K.L.:
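One structure is given below, represented as structure tokens, and several questions about it will come after.
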Amino acid sequence: MRDILAPESARWRAFVEVFARVAGAAGYQQVMSPLLEDLGVFQRIGDATDVVTKEMYDFIDKGGRHVALRPELTASICRAFVQHRPTTPWKVWSTGSQFRYERPQRGRFRQFDQVDIEVLGADDPYVDVEVIALGWEFYRALGLRQVALQINTLGEPDDRARYVEALRVHFQAKFDSLSPESQATSQKNPLRVLDSKRAQDQALIASAPLIADFLSRDAAAHFATVQAGLESLAIPFTIDPSLVRGLDYYRRTTFEYQGATLDSAQNALGGGGRYDGLVESLGGPPTPGVGFALGLDRTLIACDDEGVFPAPVVDVDVFVVDTTGGEEALAITASLRAIGVRVDRAFDNRSMKSQMKAADRSGAQFAVIVGSDELAAGSVVVRPLRAERTEDSQTTIPRLDLISYMQKALR
Ligand code: AMP
């Protein structure tokens with residue numbers, strides 16, 4: 001878990017603002033759900049998922065309730081859907097910190113942030129296309145170019161069940177050649193073995209049966225429409241038959257955006273898919289859903305690698321230097337802030353030299369200086385601070401003209 005200081009913190013905020021703009025422009029509205037939920041909400045994600053079985057920050061609260069810090073947003077949003085019964089399709093976006101007790105490394109943290117899209121109550125393959133396209137558009141808006149989209153389908157629940165059985169038989173036949181971790185997974189949920197990045201498992205994964213041979217006509221048609229939709233939007237993608245994603249609840253479409261500059265174990269910038277049964281298992285009516293979560297921390301690493309989306313500059317415009325006790329600075333900062341100028345000032349009646357140093361550090365374009373001479377004369381000194389301002393020379397103006405002077409100078 002990390003502290004995010006300036007200027008990186010401004011970048012995080014800008015990241016969410018870009019996402020809010022992209023999602024808002026497509027009719028998505030924000031949901032803010034609690035960081036803490038009843039443990040049961042997350043257990044519905046599935047009992048063969050590491051996120052649930054090994055990585056949850058769960059504890060008993062003072063009221064004896066077994067609760068957990070959220071490891072992801074989808075389950076919370078489905079819980080909110082069941083609780084509030086909004087009209088469908090419910091198109092929402094969300095953001096915030098998630099918590100997973102993972103082994104920290106580059107691009108993998110125990111507290112990390114996500115931005116998220118969910119659409120509940122629409123089965124239409126064009127919703128899948130819209131959702132996938134939104135993620136794609138968002139990466140473009142950040143300036144990322146080296147992102148690859150992988151898609152797959154897991155079929156209808158019946159197709160998936162027959163496929164999982166075939167996988168079980170396949171892995172059982174060569175059980176000894178699997179890594180110990182995949183041996184355990186193959187017993188609980190053979191599908192998840194396809195997620196393994198361990199070298200030892202790759203041969204058996206490569207020779208595994210393919211979901212394409214188990215798809216019902218409906219599932220195949222749904223997947224074909226998703227592909228055609230992406231093609232018509234000129235969004236490039238590859239079909240990856242082993243893309244099952246870490247969570248157990250997916251059916252039909254799954255997808256992942258991968259960053260070309262990241263190590264393969266941590267190259268998923270974001271991903272999602274359709275989920276079935278999640279709303280029902282939380283006590284709601286049968287409701288289709290599709291969505292994605294994009295990792296903020298990891299996507300910013302990709303931005304660094306590509307040299308895009310730098311931290312925005314959040315400097316002030318003016319820094320007030322007052323060597324007469326600070327009361328002048330109080331009045332000047334208030335009057336400038338009232339007209340929307342970004343102003344900072346020094347405190348503790350420091351020396352002129354020390355206040356001017358602080359003014360330089362602040363990144364302000366101008367210092368407004370009040371010493372005892374200016375105080376007596378009812379004037380202030382305006383001094384340009386930045387190199388690009390050197391053609392404006394320092395000037396002394398009547399204190400009463402400061403507002404209009406600054407309005408003009410900062411225009
Ligand atoms: P998931 O919720 O597992 O589908 O993950 C969606 C995205 O969240 C991933 O593609 C990552 O970008 C991000 N993510 C998941 N787990 C972590 C983590 N431990 N640290 C940083 N980012 C993560």
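This one's a predicted model, so the numbers in the text were calculated from it and none came from an experiment. Computed from heavy atoms alone, side chains included, the values below leave out hydrogens, waters and symmetry copies. The first residue in the sequence is number 1, and the count goes up from there. Both counts, for ligands and for their atoms, begin at 1 and track the order of listing.
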K.L.:
Is there any N or O on Leu269 that sits under 3.5 Å from an N or O of ligand 1?
P.N.:
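N/O-N/O distance under 3.5 Å: yes.
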K.L.:
Examine Gln114 against ligand 1 and note whether any of their N/O atoms are separated by less than 3.5 Å.
P.N.:
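Yes, Gln114 has an N/O under 3.5 Å of an N/O on ligand 1.
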K.L.:
Give the single entry among Gln258, Gln111, Arg100, Glu72 that approaches atom 2 (O) of ligand 1 most closely by any heavy atom.
P.N.:
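Selected option, by shortest heavy-atom distance: Arg100.
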K.L.:
Do any N or O atoms from the side chain of Asp123 and from the backbone of Pro288 form a donor-acceptor pair under 3.5 angstrom?
P.N.:
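No: the side chain of Asp123 does not pair with the backbone of Pro288.
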K.L.:
Taking the six-membered ring for Trp, are Phe292 and Phe19 parallel (under 30°), tilted (30 to 60°) or perpendicular (over 60°)?
P.N.:
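Phe292 and Phe19: perpendicular rings.
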K.L.:
If you measure every N/O of Phe112 against every N/O of ligand 1, is any gap under 3.5 Å?
P.N.:
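Between Phe112 and ligand 1 (N or O atoms, distance only) the closest approach is not under 3.5 Å.
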K.L.:
Quick one: are Leu262 and Leu269 in side-chain contact, heavy atoms under 4.5 Å?
P.N.:
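Side-chain contact under 4.5 Å: yes.
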K.L.:
Okay, side chain of Arg350, backbone of Met356: is any donor-acceptor separation there less than 3.5 Å?
P.N.:
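No; judged by distance alone, with no hydrogens or angles, the pair does not exist.
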K.L.:
Checking contacts here: is it the side chain or the backbone of Glu256 that comes within 4.0 Å of ligand 1, counting heavy atoms only? Could be both or neither.
P.N.:
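Near ligand 1, Glu256 shows nothing, with every heavy atom at 4.0 Å or more.
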K.L.:
With sequence neighbours left out, write down each residue that passes side-chain contact (heavy atoms from CB on, under 4.5 Å) with Pro157, or none if nothing qualifies.
P.N.:
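For Pro157 the side-chain contact (heavy atoms from CB on, under 4.5 Å) partners, ignoring immediate neighbours, are Arg251, Asp276.
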K.L.:
Please work out which of the three classes, parallel, tilted or perpendicular, describes the rings of Phe81 and Trp90, given edges at 30° and 60°.
P.N.:
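The rings of Trp90 and Phe81 sit tilted, inter-plane angle from 30° to 60°.
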K.L.:
Name all residues meeting the side-chain hydrogen bond (donor to acceptor under 3.5 Å, both in side chains) criterion together with Gln83; count only those two or more places apart in sequence or in a different chain, and write none if there are none.
P.N.:
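Per chain and number, Gln83 pairs via side-chain hydrogen bond (donor to acceptor under 3.5 Å, both in side chains) with Arg79.
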K.L.:
Pick one: which of Thr299, Leu300, Leu294 meets side-chain contact (heavy atoms from CB on, under 4.5 Å) with Leu296?
P.N.:
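Among Thr299, Leu300, Leu294, the one meeting side-chain contact (heavy atoms from CB on, under 4.5 Å) with Leu296 is Leu300.
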K.L.:
Any N or O on Gly271 sitting closer than 3.5 Å to an N or O of ligand 1?
P.N.:
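No, there is no polar N/O contact under 3.5 Å.
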K.L.:
Counting only nitrogen or oxygen atoms and a 3.5 angstrom limit, does Arg108 reach ligand 1?
P.N.:
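It does not: no N or O of Arg108 is found under 3.5 Å from an N or O of ligand 1.
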K.L.:
Using heavy-atom distances, let me know which of Gly272, Gly273, Ala268, Ala293 sits nearest atom 10 (O) of ligand 1.
P.N.:
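Minimum heavy-atom distance to atom 10 (O) of ligand 1 goes to Ala268.
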K.L.:
Closer than 4.0 Å to some heavy atom of Gly270 - which atoms of ligand 1 meet that?
P.N.:
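Those atoms are 10 (O).
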K.L.:
Of the backbone atoms (N, CA, C, O) and the side-chain heavy atoms from C-beta on, which set of Glu102 has a member under 4.0 Å from an atom of ligand 1: side chain, backbone, both, or neither?
P.N.:
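Just the side chain.
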K.L.:
Give the atoms of ligand 1, by number and element, whose distance to some non-hydrogen atom of Gly107 is under 4.0 Å.
P.N.:
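Heavy-atom distances to Gly107 below 4.0 Å select 20 (N), 21 (C), 22 (N).
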K.L.:
Within the structure, does Phe109 bring an N/O atom to less than 3.5 angstrom of an N/O atom in ligand 1?
P.N.:
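Yes, since at least one N or O of Phe109 sits under 3.5 Å from an N or O of ligand 1.
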K.L.:
Between Ser362 and Asp344, is any side-chain donor less than 3.5 angstrom from a side-chain acceptor?
P.N.:
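No - no donor-acceptor pair under 3.5 Å links their side chains.
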K.L.:
For ligand 1, which is the ligand I care about here, please tell me if Asp297 has any N or O atom under 3.5 Å from one of the ligand's N or O atoms.
P.N.:
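Not met; the criterion fails.
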